[in-house]
Q: 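What follows is a single structure, and I will ask about it in a moment.
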2 protein chains.
Amino acid sequence: MREAGVDARKKRILQAIIEDYVLTAMPVGSRTISRKYETSLSSATIRNEMSDLEEMGYLAQPHVSAGRVPSHKAYRLYVDGLLQQEVAADEGAKAFFTDQIRPTEDVATAAAQALAELTRYTAVVMMPKQLELRVSCLQLVPMPKGAALLVIVTDTGAIRDTVIRVSERLDSDALFSISRLLTERLAGRTLQEVQEMLGAYARMNGPDARVLEGIASLAAQMEKQSAQDTVIVAGSHNILNYPEYSDVEKARAFLTALEAKEKLTHLLSHHDAPFMVHIGSESSIADMQDCAIVTAGFPVGRGHRGAVGVIGPSRMPYDKVLSALGAASHVLGELLGE
Amino acid sequence: MREAGVDARKKRILQAIIEDYVLTAMPVGSRTISRKYETSLSSATIRNEMSDLEEMGYLAQPHVSAGRVPSHKAYRLYVDGLLQQEVAADEGAKAFFTDQIRPTEDVATAAAQALAELTRYTAVVMMPKQLELRVSCLQLVPMPKGAALLVIVTDTGAIRDTVIRVSERLDSDALFSISRLLTERLAGRTLQEVQEMLGAYARMNGPDARVLEGIASLAAQMEKQSAQDTVIVAGSHNILNYPEYSDVEKARAFLTALEAKEKLTHLLSHHDAPFMVHIGSESSIADMQDCAIVTAGFPVGRGHRGAVGVIGPSRMPYDKVLSALGAASHVLGELLGE
DNA sequence: TGTTAGCACTCTCACTCGTTGAGTGCTAAC
DNA sequence: GTTAGCACTCAACGAGTGAGAGTGCTAACA
């Protein structure tokens, strides 16, 4: 019993099995390997090797007379190999993302959509929570019929707006004065402080109460939104393209699982390495036991990090997905980092 | 051969079949009707009636020893009956929508999501194109690091914004002066005119060129967006809940068809009656031949009308869907009408 | 003339039973 | 250590069968 670990030939065979299985989604037989990949070895030899690999837990047989299917452990070995190499940033993909993601739009949504389109899998983008956001500017823009658009800009460049009602008498100059006054008093304050201060201002005979209320509620909403990581999902029904999900029940379970974003957030928030790969049960999301989740982090300023990911069947061309993610995270980092 | 049309009893039986089929999705047998709906008649009698109804094209048999399934013609008759009555506005649904749709958010998206959640079908909302939009206000809001948020408000209350770069020297007062100057000159102009005028202003030594460019591009984008009907889809994968789509291929075809929005737009744009129902092939969307599309119109001001709709299998509780749509269109009309 | 009971008939569905083919494990020879 | 050969296993497929659901038709009844 001195069978060593996985020697070079076993590794080659394992890789060949993975690649064939990724391509075809069918159990791979020894004859296939001997003819398409390791032409110098007979199927019998491959058979012996496969038998060893199975015993070591890298392969599984759906049933005795079927070929072999890679186990999660096999993917893990394969992916760890990939991750040790430099992940090549795919220039084509980078160009694609640069093209699709307009800095003036909602970058996260655009990125998720572009990534889903490119990989034909489900894509997710996580934007981290930003605590202690400080107001940088606050402005009222006149609108028809006694309404005004209240815009709050934070020091990180986040923008939020809402329509509020104001007195019909306030013209654009008056609104500007109010905006200036409010910006003067509130600039540099955290959203939390802004809400607290508004109570005191209610007694001030400056802006009318509806303006103050509007600010308070928008500040509250902003704080709530920014105080938690948000996840954006795109291309969720790409999953239907894969035979793993040709069963509607499974597909539905998957899509439902995507809607419970807490688990996803959790997964994407703890992102210490540049790339991470969760295979099968490693992700701890039930209904995604047959999936792999590949993610990449990117900086969003102030030392915070967001993450972008691809979710698909464990049978996935990890090399391609990794380089697409590399490109996506690169482009996002450039847009959102300091 | 003087069999008259559909007499009252035939209508009752047809309705019973439709209602049972909507509930169970299984072909309905004569015995079921005789026991659950028309208890005073024997199954044999029902059988004779069903045979007549089949001959008239209202029923079909999947195979000879299965029960009957309503044809599109049957749904049409049934729905026309419903439409002649006043569609009862479901107060519960109305409350639900009022609750879910915040006037300060993107109303169309919120409405689509709420409707999808309520009906458990796919929901669509169409916002009509608005030609000749006129600028009502234009304002630059200061942002950190030599950026500014350009906000354009139209006379209809539509808001669009984009981040542009401006000279670092411009403080909030300077930006306000520019805003005031620009609003003065551009207010009341159509988006088209604004773009044309900006060429002339390029020679003006007021605001810097990047501001003018920003305005031009935002105006162009606004014009493009407002010049075509837009459709928002929500709850697209609710379709997986129905046995009609337990085949993944069908589900995928449906979801793909939803992505080609032109057909949907076309359908929703020609909305003359308060309610419309397209059953099966009436919608002229391939891949939705087994679907029904139920829509309701609502006013969005200036005589324009939007539409909100539900897409699901033809086997659909039309009464419930109609009253949900009634509630949705009512709430939308109140928010968006004059 | 409309309604009903009864019965033969049809067709799907679920199950079983060979047959086929792919792929393996083992053995013996190289 | 590698390979050819062979027996073995098991899923997939098709054919055959019985049960059950539902119909159409006929004849009797009110």
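In what follows, chains carry the letters A, B, and so on, assigned in the order in which the sequence lines appear, proteins first and then strands, with residues in each chain numbered from 1.
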Q: Is any side-chain heavy atom of M26(A) closer than 4.5 Å to a side-chain heavy atom of P243(A)?
A: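 With C-beta onward as the side chain, the pair stays apart.
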Q: Quick one: does any side-chain atom of H271(B) pair with a main-chain N or O of A273(B) as donor and acceptor, under 3.5 Å?
A: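 A pair under 3.5 Å: yes.
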Q: Can you name the residues that form a salt bridge (Lys or Arg N to Asp or Glu O under 4.0 Å) with K250(A), not counting sequence neighbours?
A: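 Residues passing salt bridge (Lys or Arg N to Asp or Glu O under 4.0 Å) with K250(A): D290(A).
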Q: Round to the nearest Å and state the distance from L41(A) atom CG to dG1(D) atom P.
A: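 Roughly 13 Å, once rounded to whole Å.
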Q: Indicate the ring-plane relationship of Y121(B) and Y242(B), choosing parallel, tilted or perpendicular according to the 30° and 60° boundaries.
A: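 Parallel.
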Q: How does DNA chain C read in dot-bracket, base by base from 5' to 3', with Watson-Crick or G-U pairs under 3.5 Å and | used when the partner is on another strand?
A: ||||||||||||||||||||||||||||||
Q: If you assign each of R9(B) and P62(B) to its closest nucleotide in DNA chain C, which residue comes earlier from the 5' end?
A: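 Taking each residue's closest nucleotide, the earlier one in sequence belongs to R9(B).
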Q: NA contact type, S40(B), heavy-atom cut-off 4.0 Å: base, sugar-phosphate, or nothing?
A: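 Sugar-phosphate, backbone atoms only, no base.
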Q: Is there a side-chain contact between E19(A) and Y78(A) in this structure, where contact means two heavy atoms from C-beta onward sitting under 4.5 Å apart?
A: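 Contact flag for E19(A)/Y78(A) side chains = yes.
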Q: Is K10(B) atom NZ crowded by more than 12 heavy atoms from other residues, nucleotides or ligands, each under 6.0 Å away?
A: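 Counting neighbours around NZ of K10(B), more than 12 heavy atoms of other residues, nucleotides or ligands fall under 6.0 Å, so yes.
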Q: Flag the pair L83(B) / L322(B) as yes when at least one side-chain heavy-atom distance between them is below 4.5 Å, and no otherwise.
A: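 A side-chain contact under 4.5 Å exists here.
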Q: Mark up nucleotides 14-26 of chain D, 5' to 3', with B wherever a protein heavy atom is under 4.0 angstrom from a base atom, S wherever such an atom reaches only the sugar-phosphate, and - elsewhere.
A: -------BSBBB-
Q: Quick check for you: to the nearest 0.5 Å, what is the distance between S323(B) atom OG and E86(B) atom CD?
A: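 Rounded to the nearest 0.5 Å, the OG-CD separation comes out at 12.0 Å.
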Q: Would you mind reading off the distance between I33(A) atom CD1 and dT3(D) atom P, rounded to a whole angstrom?
A: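 Spelled out: CD1 on I33(A) to P on dT3(D) is 15 Å.
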